[in-house]
Amino acid sequence: MAQKVQGTEDLFGGYMRAWQHMTDVARELFGSYGFDMIETPAIEQVDTFVHGIGESTDVVRKEMFRVFSGALLDNMLESGSEKGLKPRQRMAMRPEGTAGVVRAAVENNFVPQGGAPKKLWYAEAMFRGERPQKGRLRQFHQVGVEWLGAPDPAADAECIIMLMEFYKHLGFGPSGLRLMINSMGDAACRPAYREKVRQFILDHADEMCDECRERAEINPLRAFDCKNEHCREVMADAPLVHQNLCDECAEHYAQVKRYLDEAGIAYVEDPTLVRGLDYYTRTVFEVEAIGGGVGAIGGGGRYDGLMELEGGKPTPGIGFAVGFERIALALAAQGVSLEGDEPSCVYVACASPEQRDAVFSATLALRQAGVRTEADYQGRSLKSQFKQADKHNACLCVVLGADEVASGSATVRDMSTHEQVSVPMSELAAHVAARLA
RNA sequence: GUGGGUGUAGCUCAGUUGGUAGAGCGACGGACCGUGGCUCCGUAGGUCGAGGGUUCGAGACCCUUCACCCACCCCA
(Lines give C-alpha, C1' and ligand atoms only; values in the text may rest on other atoms or scores of the structure.)
Protein backbone atom coordinates (compact mmCIF):
# COMPACT_ATOMS: atom_id res chain seq x y z
CA MET A 1 0.00 0.00 0.00
CA ALA A 2 1.17 3.52 -0.74
CA GLN A 3 2.41 5.33 2.36
CA LYS A 4 2.91 8.89 3.42
CA VAL A 5 6.41 10.23 3.86
CA GLN A 6 7.99 9.87 7.31
CA GLY A 7 7.04 12.64 9.69
CA THR A 8 4.17 13.95 7.60
CA GLU A 9 0.47 13.87 8.38
CA ASP A 10 -2.77 14.08 6.49
CA LEU A 11 -4.94 16.85 7.86
CA PHE A 12 -8.62 15.90 7.71
CA GLY A 13 -11.77 15.66 9.75
CA GLY A 14 -11.67 17.14 13.22
CA TYR A 15 -7.91 17.73 13.01
CA MET A 16 -8.34 19.77 9.84
CA ARG A 17 -11.10 21.75 11.51
CA ALA A 18 -8.75 22.39 14.44
CA TRP A 19 -6.12 23.88 12.11
CA GLN A 20 -8.78 25.98 10.41
CA HIS A 21 -10.08 27.11 13.77
CA MET A 22 -6.59 28.21 14.74
CA THR A 23 -6.17 30.23 11.55
CA ASP A 24 -9.64 31.72 12.02
CA VAL A 25 -8.70 32.87 15.53
CA ALA A 26 -5.43 34.27 14.18
CA ARG A 27 -7.17 36.14 11.36
CA GLU A 28 -9.55 37.76 13.78
CA LEU A 29 -7.10 38.60 16.56
CA PHE A 30 -4.09 39.59 14.48
CA GLY A 31 -6.41 41.47 12.15
CA SER A 32 -7.59 43.57 15.08
CA TYR A 33 -3.95 44.51 15.69
CA GLY A 34 -3.64 45.57 12.05
CA PHE A 35 -1.85 42.54 10.61
CA ASP A 36 -2.47 41.44 7.01
CA MET A 37 -2.01 37.89 5.84
CA ILE A 38 0.87 36.91 3.60
CA GLU A 39 1.78 33.67 1.87
CA THR A 40 5.32 33.16 0.69
CA PRO A 41 6.57 30.21 -1.39
CA ALA A 42 7.27 26.91 0.36
CA ILE A 43 10.65 26.85 -1.38
CA GLU A 44 13.27 29.59 -1.24
CA GLN A 45 16.85 29.91 -2.29
CA VAL A 46 19.10 28.25 0.22
CA ASP A 47 20.92 31.54 0.75
CA THR A 48 17.73 33.16 2.04
CA PHE A 49 17.82 30.76 4.98
CA VAL A 50 21.59 30.66 5.38
CA HIS A 51 21.86 34.44 5.58
CA GLY A 52 18.87 34.82 7.84
CA ILE A 53 18.84 31.85 10.17
CA GLY A 54 22.59 31.51 10.36
CA GLU A 55 25.08 29.07 8.93
CA SER A 56 26.04 27.59 12.28
CA THR A 57 22.52 26.70 13.39
CA ASP A 58 21.29 23.13 13.44
CA VAL A 59 18.28 24.16 11.40
CA VAL A 60 20.47 25.20 8.49
CA ARG A 61 23.29 22.71 8.96
CA LYS A 62 21.30 19.51 9.08
CA GLU A 63 17.59 20.02 9.07
CA MET A 64 16.82 21.67 5.75
CA PHE A 65 15.22 19.70 2.95
CA ARG A 66 17.15 20.70 -0.12
CA VAL A 67 15.29 20.84 -3.42
CA PHE A 68 16.66 20.26 -6.90
CA SER A 69 14.97 19.71 -10.22
CA GLY A 70 15.30 16.15 -11.51
CA ALA A 71 17.64 17.07 -14.35
CA LEU A 72 19.86 19.09 -12.05
CA LEU A 73 20.01 16.29 -9.53
CA ASP A 74 21.10 13.81 -12.21
CA ASN A 75 23.94 16.13 -13.22
CA MET A 76 24.98 16.56 -9.61
CA LEU A 77 25.02 12.83 -8.95
CA GLU A 78 27.16 12.41 -12.04
CA SER A 79 29.62 15.11 -11.13
CA GLY A 80 29.42 14.34 -7.43
CA SER A 81 29.11 17.99 -6.53
CA GLU A 82 26.65 20.82 -6.45
CA LYS A 83 29.43 23.30 -7.11
CA GLY A 84 28.80 25.43 -10.13
CA LEU A 85 25.10 25.70 -9.47
CA LYS A 86 23.68 29.18 -9.60
CA PRO A 87 22.24 30.51 -6.35
CA ARG A 88 18.74 30.22 -7.73
CA GLN A 89 19.29 26.56 -8.51
CA ARG A 90 20.05 25.85 -4.87
CA MET A 91 16.71 25.68 -3.11
CA ALA A 92 15.25 24.42 0.15
CA MET A 93 11.87 23.88 1.74
CA ARG A 94 11.31 26.59 4.33
CA PRO A 95 12.20 25.40 7.85
CA GLU A 96 10.59 28.48 9.42
CA GLY A 97 8.62 31.49 8.30
CA THR A 98 10.55 34.61 9.15
CA ALA A 99 13.35 34.43 6.58
CA GLY A 100 10.92 34.10 3.68
CA VAL A 101 8.68 36.93 4.83
CA VAL A 102 11.67 39.21 5.35
CA ARG A 103 12.97 38.26 1.92
CA ALA A 104 9.58 39.20 0.48
CA ALA A 105 9.69 42.46 2.40
CA VAL A 106 13.08 43.30 0.90
CA GLU A 107 12.06 42.30 -2.59
CA ASN A 108 8.75 44.17 -2.53
CA ASN A 109 10.04 47.09 -0.47
CA PHE A 110 7.30 46.67 2.11
CA VAL A 111 8.93 49.28 4.35
CA PRO A 112 10.20 52.09 2.12
CA GLN A 113 12.55 54.70 3.51
CA GLY A 114 10.59 56.64 6.12
CA GLY A 115 7.53 54.48 5.50
CA ALA A 116 5.08 53.09 8.02
CA PRO A 117 5.73 49.71 9.64
CA LYS A 118 4.42 46.62 7.88
CA LYS A 119 2.52 44.03 9.91
CA LEU A 120 2.14 40.57 8.40
CA TRP A 121 0.93 37.19 9.58
CA TYR A 122 1.03 33.76 8.01
CA ALA A 123 -0.28 30.24 8.55
CA GLU A 124 1.80 27.72 6.67
CA ALA A 125 3.53 24.35 6.63
CA MET A 126 7.21 24.23 7.59
CA PHE A 127 9.69 21.46 6.81
CA ARG A 128 12.59 20.14 8.85
CA GLY A 129 14.58 16.96 8.34
CA GLU A 130 14.50 15.74 11.92
CA ARG A 131 13.58 12.39 13.42
CA PRO A 132 9.90 12.64 14.26
CA GLN A 133 8.69 12.30 17.84
CA LYS A 134 5.98 13.75 20.04
CA GLY A 135 5.18 17.25 18.85
CA ARG A 136 7.87 17.07 16.24
CA LEU A 137 7.13 16.42 12.60
CA ARG A 138 9.01 16.86 9.36
CA GLN A 139 6.14 18.81 7.92
CA PHE A 140 4.38 20.83 10.57
CA HIS A 141 2.27 23.96 10.74
CA GLN A 142 3.00 27.32 12.17
CA VAL A 143 1.10 30.54 12.58
CA GLY A 144 3.37 33.52 12.89
CA VAL A 145 3.62 37.28 12.62
CA GLU A 146 6.32 39.67 11.46
CA TRP A 147 6.25 43.37 12.35
CA LEU A 148 8.76 45.28 10.27
CA GLY A 149 9.96 48.84 10.69
CA ALA A 150 9.05 49.36 14.36
CA PRO A 151 12.02 49.93 16.70
CA ASP A 152 9.81 51.01 19.62
CA PRO A 153 9.80 48.67 22.64
CA ALA A 154 6.03 49.02 22.60
CA ALA A 155 6.09 46.78 19.52
CA ASP A 156 7.95 44.09 21.50
CA ALA A 157 5.42 44.31 24.30
CA GLU A 158 2.40 44.36 22.00
CA CYS A 159 3.72 41.36 20.13
CA ILE A 160 3.98 39.41 23.35
CA ILE A 161 0.60 40.63 24.57
CA MET A 162 -1.00 39.59 21.29
CA LEU A 163 0.69 36.19 21.49
CA MET A 164 -0.61 35.55 25.00
CA GLU A 165 -4.03 36.74 23.91
CA PHE A 166 -3.88 34.24 21.07
CA TYR A 167 -3.27 31.35 23.46
CA LYS A 168 -6.14 32.53 25.60
CA HIS A 169 -8.51 32.58 22.61
CA LEU A 170 -7.44 29.04 21.75
CA GLY A 171 -8.48 27.82 25.18
CA PHE A 172 -5.40 27.93 27.40
CA GLY A 173 -6.06 28.74 31.01
CA PRO A 174 -3.99 31.45 32.70
CA SER A 175 -2.03 28.85 34.68
CA GLY A 176 -1.33 26.58 31.75
CA LEU A 177 1.47 28.64 30.24
CA ARG A 178 4.86 29.98 31.18
CA LEU A 179 6.24 32.99 29.32
CA MET A 180 9.99 33.46 29.42
CA ILE A 181 11.76 36.57 28.24
CA ASN A 182 15.30 37.75 27.85
CA SER A 183 17.40 40.27 25.99
CA MET A 184 20.24 39.11 23.79
CA GLY A 185 21.79 42.49 23.20
CA ASP A 186 22.52 43.95 19.81
CA ALA A 187 25.39 44.56 17.41
CA ALA A 188 26.88 47.03 19.90
CA CYS A 189 27.09 44.77 22.93
CA ARG A 190 26.49 41.16 21.93
CA PRO A 191 29.86 40.49 20.27
CA ALA A 192 31.72 41.54 23.41
CA TYR A 193 29.43 39.48 25.62
CA ARG A 194 29.69 36.52 23.32
CA GLU A 195 33.47 36.77 23.55
CA LYS A 196 33.27 36.87 27.35
CA VAL A 197 31.24 33.68 27.39
CA ARG A 198 33.57 32.05 24.90
CA GLN A 199 36.51 32.93 27.07
CA PHE A 200 34.68 31.64 30.15
CA ILE A 201 34.05 28.28 28.53
CA LEU A 202 37.64 28.01 27.37
CA ASP A 203 38.80 28.81 30.91
CA HIS A 204 36.65 25.98 32.24
CA ALA A 205 37.07 23.67 29.27
CA ASP A 206 38.41 20.81 31.34
CA GLU A 207 35.20 20.76 33.42
CA MET A 208 32.79 20.76 30.49
CA CYS A 209 31.50 18.27 27.94
CA ASP A 210 32.89 17.93 24.42
CA GLU A 211 29.81 19.50 22.97
CA CYS A 212 30.14 22.64 25.04
CA ARG A 213 33.80 22.97 24.10
CA GLU A 214 32.66 22.93 20.48
CA ARG A 215 29.93 25.43 21.29
CA ALA A 216 32.54 27.87 22.56
CA GLU A 217 33.55 28.55 18.99
CA ILE A 218 30.29 28.00 17.12
CA ASN A 219 27.68 29.45 19.45
CA PRO A 220 28.93 29.92 23.03
CA LEU A 221 25.59 31.21 24.33
CA ARG A 222 24.03 27.82 23.64
CA ALA A 223 26.18 26.33 26.41
CA PHE A 224 23.67 27.76 28.89
CA ASP A 225 21.17 25.24 27.50
CA CYS A 226 23.39 22.18 27.86
CA LYS A 227 21.55 19.20 29.36
CA ASN A 228 24.70 18.03 31.09
CA GLU A 229 24.26 18.78 34.77
CA HIS A 230 27.88 19.55 35.40
CA CYS A 231 28.01 21.98 32.51
CA ARG A 232 25.01 23.73 33.99
CA GLU A 233 26.76 24.07 37.31
CA VAL A 234 29.77 25.56 35.66
CA MET A 235 27.69 27.87 33.50
CA ALA A 236 25.84 29.12 36.56
CA ASP A 237 28.92 31.24 37.24
CA ALA A 238 29.29 32.41 33.66
CA PRO A 239 28.76 36.09 32.91
CA LEU A 240 25.07 36.88 32.42
CA VAL A 241 23.79 38.96 29.57
CA HIS A 242 21.95 41.42 31.81
CA GLN A 243 25.15 42.84 33.24
CA ASN A 244 26.60 43.09 29.77
CA LEU A 245 23.96 44.94 27.83
CA CYS A 246 24.82 48.33 26.39
CA ASP A 247 22.79 51.24 27.75
CA GLU A 248 20.42 51.30 24.79
CA CYS A 249 19.66 47.59 25.02
CA ALA A 250 19.26 47.75 28.79
CA GLU A 251 16.79 50.60 28.52
CA HIS A 252 14.89 48.88 25.70
CA TYR A 253 14.59 45.71 27.73
CA ALA A 254 13.49 47.63 30.83
CA GLN A 255 10.83 49.45 28.84
CA VAL A 256 9.47 46.21 27.40
CA LYS A 257 9.13 44.85 30.92
CA ARG A 258 7.38 48.01 32.11
CA TYR A 259 4.84 47.66 29.31
CA LEU A 260 4.29 43.99 30.08
CA ASP A 261 3.78 44.82 33.74
CA GLU A 262 1.25 47.48 32.85
CA ALA A 263 -0.63 45.01 30.66
CA GLY A 264 -0.65 42.50 33.49
CA ILE A 265 1.33 39.89 31.56
CA ALA A 266 3.09 37.40 33.81
CA TYR A 267 6.59 36.48 32.70
CA VAL A 268 9.74 34.84 33.95
CA GLU A 269 13.07 36.41 33.17
CA ASP A 270 15.44 33.78 31.94
CA PRO A 271 18.91 35.19 31.31
CA THR A 272 19.92 31.94 29.67
CA LEU A 273 17.11 31.91 27.13
CA VAL A 274 18.86 31.75 23.81
CA ARG A 275 16.80 31.16 20.74
CA GLY A 276 18.26 28.80 18.20
CA LEU A 277 18.14 31.12 15.25
CA ASP A 278 20.97 33.57 14.80
CA TYR A 279 18.92 36.53 13.62
CA TYR A 280 17.55 37.50 17.02
CA THR A 281 18.63 40.71 18.78
CA ARG A 282 17.48 42.33 21.99
CA THR A 283 14.10 40.93 23.11
CA VAL A 284 13.57 37.18 22.82
CA PHE A 285 10.74 35.18 24.33
CA GLU A 286 9.43 31.68 24.48
CA VAL A 287 6.19 30.15 25.71
CA GLU A 288 6.06 26.76 27.32
CA ALA A 289 2.95 24.75 28.01
CA ILE A 290 2.86 23.39 31.53
CA GLY A 291 2.29 19.68 31.18
CA GLY A 292 1.85 17.83 27.94
CA GLY A 293 5.54 17.26 27.49
CA VAL A 294 5.85 19.12 24.23
CA GLY A 295 8.11 21.92 25.42
CA ALA A 296 7.96 25.22 23.61
CA ILE A 297 4.67 25.97 21.89
CA GLY A 298 5.73 29.33 20.59
CA GLY A 299 8.54 31.79 20.56
CA GLY A 300 10.02 34.78 18.87
CA GLY A 301 11.89 37.96 19.29
CA ARG A 302 13.40 41.02 17.73
CA TYR A 303 15.63 40.77 14.69
CA ASP A 304 16.85 44.26 13.90
CA GLY A 305 19.66 43.06 11.67
CA LEU A 306 17.77 40.56 9.55
CA MET A 307 16.56 42.88 6.80
CA GLU A 308 20.17 43.79 6.09
CA LEU A 309 21.27 40.16 6.14
CA GLU A 310 18.68 39.55 3.41
CA GLY A 311 20.08 42.43 1.38
CA GLY A 312 17.67 45.17 2.38
CA LYS A 313 18.04 48.51 4.05
CA PRO A 314 18.53 48.50 7.82
CA THR A 315 15.01 47.91 9.15
CA PRO A 316 14.06 46.71 12.61
CA GLY A 317 11.72 43.78 12.98
CA ILE A 318 10.05 41.59 15.55
CA GLY A 319 7.86 38.54 15.34
CA PHE A 320 6.89 35.16 16.69
CA ALA A 321 5.70 31.76 15.55
CA VAL A 322 3.57 29.14 17.22
CA GLY A 323 3.32 25.47 16.33
CA PHE A 324 -0.12 24.10 15.58
CA GLU A 325 0.60 20.46 16.35
CA ARG A 326 2.21 21.22 19.68
CA ILE A 327 -0.57 23.56 20.71
CA ALA A 328 -3.11 20.87 19.91
CA LEU A 329 -1.14 18.40 22.07
CA ALA A 330 -0.68 20.86 24.92
CA LEU A 331 -4.35 21.78 24.92
CA ALA A 332 -5.36 18.13 24.84
CA ALA A 333 -3.16 17.54 27.90
CA GLN A 334 -5.12 20.27 29.65
CA GLY A 335 -8.40 18.69 28.66
CA VAL A 336 -9.26 21.12 25.90
CA SER A 337 -9.95 19.97 22.35
CA LEU A 338 -9.32 22.19 19.38
CA GLU A 339 -11.18 19.77 17.17
CA GLY A 340 -14.63 20.84 16.10
CA ASP A 341 -17.58 18.59 15.31
CA GLU A 342 -18.91 18.25 11.84
CA PRO A 343 -21.23 21.22 11.33
CA SER A 344 -24.90 20.37 11.55
CA CYS A 345 -26.95 19.95 8.41
CA VAL A 346 -30.38 19.15 7.04
CA TYR A 347 -30.93 15.59 5.87
CA VAL A 348 -33.42 14.79 3.13
CA ALA A 349 -34.80 11.25 3.31
CA CYS A 350 -37.17 9.31 1.11
CA ALA A 351 -39.56 6.60 2.31
CA SER A 352 -38.94 4.50 -0.77
CA PRO A 353 -36.89 4.73 -3.97
CA GLU A 354 -39.92 6.09 -5.84
CA GLN A 355 -39.29 9.44 -4.15
CA ARG A 356 -35.59 9.64 -5.04
CA ASP A 357 -36.25 12.28 -7.71
CA ALA A 358 -38.18 14.38 -5.23
CA VAL A 359 -35.21 14.15 -2.83
CA PHE A 360 -32.95 15.37 -5.61
CA SER A 361 -35.19 18.38 -6.24
CA ALA A 362 -35.42 19.19 -2.54
CA THR A 363 -31.67 19.01 -1.92
CA LEU A 364 -31.12 21.20 -4.96
CA ALA A 365 -33.50 23.84 -3.63
CA LEU A 366 -32.05 23.69 -0.10
CA ARG A 367 -28.48 24.05 -1.27
CA GLN A 368 -29.41 26.96 -3.48
CA ALA A 369 -30.81 28.56 -0.35
CA GLY A 370 -27.40 28.08 1.29
CA VAL A 371 -28.39 25.20 3.55
CA ARG A 372 -25.83 22.48 4.26
CA THR A 373 -27.75 19.47 3.00
CA GLU A 374 -27.18 15.72 3.04
CA ALA A 375 -29.09 12.84 1.50
CA ASP A 376 -28.72 9.11 0.88
CA TYR A 377 -26.80 7.86 -2.14
CA GLN A 378 -26.79 4.15 -1.37
CA GLY A 379 -30.47 3.20 -1.50
CA ARG A 380 -30.74 2.72 2.26
CA SER A 381 -33.94 2.12 4.14
CA LEU A 382 -35.72 5.03 5.77
CA LYS A 383 -34.63 3.81 9.20
CA SER A 384 -31.06 3.70 8.03
CA GLN A 385 -31.36 7.14 6.51
CA PHE A 386 -32.28 8.48 9.90
CA LYS A 387 -29.21 6.86 11.38
CA GLN A 388 -27.15 8.53 8.70
CA ALA A 389 -28.83 11.82 9.50
CA ASP A 390 -27.68 11.43 13.08
CA LYS A 391 -24.14 10.69 12.04
CA HIS A 392 -24.11 13.82 9.92
CA ASN A 393 -25.27 15.84 12.89
CA ALA A 394 -28.56 16.76 11.20
CA CYS A 395 -30.75 19.16 13.13
CA LEU A 396 -33.67 18.73 10.75
CA CYS A 397 -34.76 15.81 8.64
CA VAL A 398 -36.96 16.33 5.62
CA VAL A 399 -39.03 13.24 4.81
CA LEU A 400 -40.51 12.67 1.38
CA GLY A 401 -42.89 9.75 0.93
CA ALA A 402 -45.73 8.81 -1.36
CA ASP A 403 -48.16 10.97 0.64
CA GLU A 404 -45.94 14.02 0.59
CA VAL A 405 -45.20 13.77 -3.11
CA ALA A 406 -48.90 13.30 -3.87
CA SER A 407 -49.82 16.38 -1.88
CA GLY A 408 -46.85 18.45 -2.98
CA SER A 409 -45.56 18.82 0.55
CA ALA A 410 -42.68 17.70 2.76
CA THR A 411 -42.52 16.53 6.36
CA VAL A 412 -39.90 18.37 8.38
CA ARG A 413 -38.78 16.67 11.59
CA ASP A 414 -36.86 18.42 14.30
CA MET A 415 -34.25 15.88 15.33
CA SER A 416 -33.98 16.99 18.92
CA THR A 417 -37.64 17.68 19.79
CA HIS A 418 -39.11 15.03 17.45
CA GLU A 419 -41.71 17.56 16.32
CA GLN A 420 -42.86 17.18 12.73
CA VAL A 421 -44.61 19.70 10.55
CA SER A 422 -45.90 19.54 7.00
CA VAL A 423 -44.59 22.22 4.64
CA PRO A 424 -45.56 22.86 1.01
CA MET A 425 -42.70 21.84 -1.27
CA SER A 426 -42.61 25.30 -2.80
CA GLU A 427 -41.87 26.81 0.61
CA LEU A 428 -39.49 24.14 1.89
CA ALA A 429 -36.22 25.97 1.29
CA ALA A 430 -37.50 29.22 2.78
CA HIS A 431 -39.02 27.38 5.75
CA VAL A 432 -35.81 25.47 6.53
CA ALA A 433 -33.58 28.51 6.04
CA ALA A 434 -35.78 30.50 8.40
CA ARG A 435 -35.63 27.82 11.09
CA LEU A 436 -31.84 27.61 10.88
CA ALA A 437 -31.39 31.37 11.08
C1' G B 1 23.07 10.87 13.83
C1' U B 2 22.50 7.69 18.79
C1' G B 3 19.37 4.68 22.10
C1' G B 4 14.66 2.12 23.54
C1' G B 5 9.70 0.25 22.17
C1' U B 6 5.66 -1.45 19.04
C1' G B 7 3.49 -3.65 14.60
C1' U B 8 -2.98 -9.15 15.34
C1' A B 9 -10.30 -7.18 12.37
C1' G B 10 -12.19 0.15 10.74
C1' C B 11 -10.36 1.63 16.16
C1' U B 12 -8.23 0.08 21.16
C1' C B 13 -6.14 -4.25 22.38
C1' A B 14 -6.07 -9.92 24.33
C1' G B 15 -3.81 -14.21 22.57
C1' U B 16 -1.42 -18.51 28.22
C1' U B 17 5.02 -23.37 28.03
C1' G B 18 4.60 -23.03 19.54
C1' G B 19 -1.32 -26.79 17.58
C1' U B 20 -3.20 -22.54 11.70
C1' A B 21 -7.16 -16.34 15.85
C1' G B 22 -10.68 -13.61 20.02
C1' A B 23 -13.02 -9.32 23.06
C1' G B 24 -14.80 -4.36 23.54
C1' C B 25 -16.05 -0.29 20.61
C1' G B 26 -17.37 0.83 15.57
C1' A B 27 -19.87 -0.70 10.90
C1' C B 28 -24.07 -3.15 8.76
C1' G B 29 -28.98 -5.62 9.43
C1' G B 30 -33.22 -6.73 12.54
C1' A B 31 -36.87 -6.18 17.03
C1' C B 32 -44.91 -6.39 12.84
C1' C B 33 -42.09 -4.01 7.44
C1' G B 34 -42.81 5.39 6.60
C1' U B 35 -38.71 7.68 11.46
C1' G B 36 -32.72 8.30 14.43
C1' G B 37 -29.89 8.90 19.27
C1' C B 38 -31.08 4.23 24.57
C1' U B 39 -31.71 -1.22 24.99
C1' C B 40 -31.74 -6.22 23.05
C1' C B 41 -30.58 -9.79 19.05
C1' G B 42 -27.86 -11.01 14.83
C1' U B 43 -24.25 -10.48 10.53
C1' A B 44 -19.89 -9.21 8.12
C1' G B 45 -14.65 -7.86 8.44
C1' G B 46 -8.03 -10.36 9.57
C1' U B 47 -2.45 -12.43 3.41
C1' C B 48 -1.63 -11.97 12.37
C1' G B 49 3.50 -5.25 8.74
C1' A B 50 6.57 -7.85 4.68
C1' G B 51 10.24 -11.77 3.24
C1' G B 52 12.93 -15.97 4.70
C1' G B 53 14.31 -19.85 8.44
C1' U B 54 13.58 -23.69 12.57
C1' U B 55 9.41 -27.30 13.28
C1' C B 56 4.89 -32.55 11.81
C1' G B 57 2.89 -27.67 12.95
C1' A B 58 4.43 -20.36 14.30
C1' G B 59 0.65 -14.63 15.61
C1' A B 60 3.91 -16.73 19.03
C1' C B 61 11.05 -18.90 18.40
C1' C B 62 15.49 -17.07 14.95
C1' C B 63 17.30 -13.84 10.86
C1' U B 64 16.37 -9.87 7.38
C1' U B 65 13.51 -5.77 6.03
C1' C B 66 9.79 -1.94 6.22
C1' A B 67 6.74 1.24 8.99
C1' C B 68 5.30 3.77 13.21
C1' C B 69 6.01 5.48 18.36
C1' C B 70 9.17 7.38 22.34
C1' A B 71 13.77 9.60 24.18
C1' C B 72 18.60 12.32 23.32
C1' C B 73 20.20 16.62 20.17
C1' C B 74 17.66 20.91 18.46
C1' C B 75 13.36 23.32 18.05
C1' A B 76 7.28 25.04 17.02
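Because the structure is a prediction, the values reported are computed rather than measured. A, B, ... follow the sequence lines: proteins, then strands. Residue 1 opens every chain.
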Donor-acceptor pair under 3.5 Å: do we get one between [X]'s side chain and the base of [N]?
X        : N     : value
A/Glu288 : B/A76 : no
A/Gln3   : B/G49 : no
A/Gln385 : B/U35 : no
A/Arg131 : B/C74 : no

* Check whether the aromatic ring of A/Phe140 stacks on the base of B/A76, taking stacking as ring centres less than 5.5 Å apart and planes within 30° of each other. => yes
* Asked: In chain order, what residues pass the salt bridge (Lys or Arg N to Asp or Glu O under 4.0 Å) check against A/Arg178, with sequence neighbours excluded?
  ->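 So A/Arg178 forms a salt bridge (Lys or Arg N to Asp or Glu O under 4.0 Å) with A/Glu288.
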* Asked: Think A/Arg356 forms a cation-pi with A/Tyr377, using NZ or CZ under 6.0 Å from the six-ring centre and within 45 degrees of its axis?
  ->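 Yes.
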Using Watson-Crick or G-U wobble geometry with both distances below 3.5 Å, tell me the partner of [N], or none.
N     : result
B/A60 : none
B/A27 : B/U43
B/U55 : none

For [X] and [N], what is the distance between atoms [atom1] and [atom2] respectively, to the nearest whole Å?
X        : N     : atom1 : atom2 : answer
A/Arg128 : B/C75 : CZ    : C1'   : 5 Å
A/Met64  : B/G1  : CE    : P     : 17 Å
A/Gln139 : B/C75 : CD    : C1'   : 17 Å
A/Leu382 : B/G36 : CG    : C1'   : 9 Å

* Is there a side-chain polar atom (N or O) of A/Lys383 under 4.0 Å from OP1 or OP2 of B/U35? -> no
* Heavy-atom pair with the smallest gap, counting every atom of A/Arg17 and A/Pro343 ->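 Residues A/Arg17 and A/Pro343, closest heavy atoms: NE-CD, 4.3 Å.
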* Which heavy atom in A/Leu163 sits nearest to a heavy atom in A/Phe285, and how many Å separate them? ->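 So the two residues come closest at CD2-CE1, 3.6 Å.
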